[in-house]
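Below is one structure, written out as structure tokens; comments come after it.
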Amino acid sequence: MFLKVAWLVMRKDLTVEVRSREIVYTTVFFAVACVLVFAFALVKEGRPLEDAAAGIMWISVAFAGTLALGRTFERERHSETLRALMLAPVSRPAIYVGKLLGIVLLLLIVEAVLVPLVGLLFHAPIWNRPLLLIALLVSGTVGFSAVGTLFAAMLVRARSRDVMLPILLYPITIPVIIAGVRGTAALFEPVPAVDLAQMWLALLAFFDVVFVTLSLWTFEPLMTE
Amino acid sequence: MSFDFTEVAVRDVSRHYGRRRALARVSLTCRSGEVLGLLGPNGAGKSTLLSILATLLAPSTGQVCYGSHTAGQAGPALRARLGFLSHDLHLYPELTARENLEFFARLYGVEAVSERVTTALGRAGLTARGGDVVSGFSRGMRQRLALERALLHEPRLLLLDEPFTGLDDASVAALVARLHELRATDRIIVVVTHDLDVAERLLDKVAVLKDGRLVAFDDAHGRIREHYRAHVAVGDRCS
């Protein structure tokens, strides 16, 4: 039943997004704009600043992710449908997992556009170890979204939610961003430091387990009041 | 999911938001086959009480008993017996009427979803519009759909927050008729309303709240306006 509810919520979110395409378009546009601004600042005469690609990629993911989180829950607030979800006789953590999966999928779509763009503009060797890069991106996105989904749901009725979300989210997800940046930078070396990237990937997986567990544990009490 | 009850008892319930008191020691009861109306001016605590009955808010002190169980004791099984129609309607505007009903039916574990949804669309008078997205519906159509959404799982306790707002006379009459039907099927119905004409046609019991306090709780028959005038000062807008 837990997985069925999570699937239902995720499928509903994706159906709504396929109809409106609002979050995907705005988030992709915002992420691309971020990368372009960094490229104007950090690429001189066709030569990018050394080691900048990984940081810019993750900063853009974090900014775009914050935008997507805010918009996703704004939808639920608009018709108070989050209350309807909370009223259903199902496990509330399952609702959290459904929302989390929807956000992760949306961000992975954004990253599918973002990563080749960063590779192109910053001469990043994204095809060095593609599977390891994908694993780093997925793990980092899950960790970031796990905390983001919890906070966005918690702040859905707060008046200053647009300001509060990044203020709460960024300090707590710093370990994820650092691990993502260092792991990706290790892969973008002329000779990829695979061992180092794997170490950061393991750390990201650890953060994912910790953040998802804590979020599952706290979602119900936080949403009840 | 076999939990059921025939009476809801609010016992000495208070609710505070920080230092602000929204409800102060409210006690009332409502039984199967009864329609209870919550009346009072803005900020009287009606919607707070409705949210507590819906288990969306916990009381600061006191308790609500659904039969012999509190919300904490009954858990999710209680939520399967509650239907809540909020002023905000709880519908996804980007989904079709059928998709909205199917989503909530599956979430509530309703059996034979397709048949149940088709019946609900018929009751809402939206059979021909089932495939249309809700954002294109009028307020009255959304209201009817939202009511059927709240009834999909056949709840024992139906909570309605200002269900008549924004409806034309024909839609109000249809909604009142539907609520009379539901009362006949032994449901407990609690309605927040500011429409005293509708209240006189619908309510069995009336509770008047003011500044978070219950100032009147009585049988409704012919006495709604009397209670309202007696307890709510002239100039207070009932909502």
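The sequence lines fix the lettering, A, B, ..., with proteins before strands; numbering per chain opens at 1. No hydrogens, no waters, no symmetry mates; every other heavy atom, side chains included, goes into these values.
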Aromatic plane relationship, A/Phe211 with A/Phe207 - under 30° parallel, 30 to 60° tilted, over 60° perpendicular: parallel
Aromatic plane relationship, A/Phe30 with A/Phe63 - under 30° parallel, 30 to 60° tilted, over 60° perpendicular: tilted
Residues in residues 89-97 of chain B near chain A [non-hydrogen atoms, under 4.5 Å]: B/His90, B/Leu91, B/Tyr92, B/Pro93, B/Glu94, B/Leu95, B/Thr96
Under 3.5 Å side-chain donor-acceptor pair for B/Ser51 and A/Arg83: yes
Within 45° cone of A/Phe73 ring axis and under 6.0 Å: A/Lys99 NZ or CZ: yes
Six-ring centre of A/Phe219, A/Arg92 cation under 6.0 angstrom, axis tolerance 45°: no
Pick from A/His78, A/Glu76, A/Lys4 with the largest number of heavy-atom pairs that fall under 4.5 Å of chain B: A/Glu76
Heavy-atom neighbours of B/Arg139 CZ exceed 12 at 6.0 Å: yes
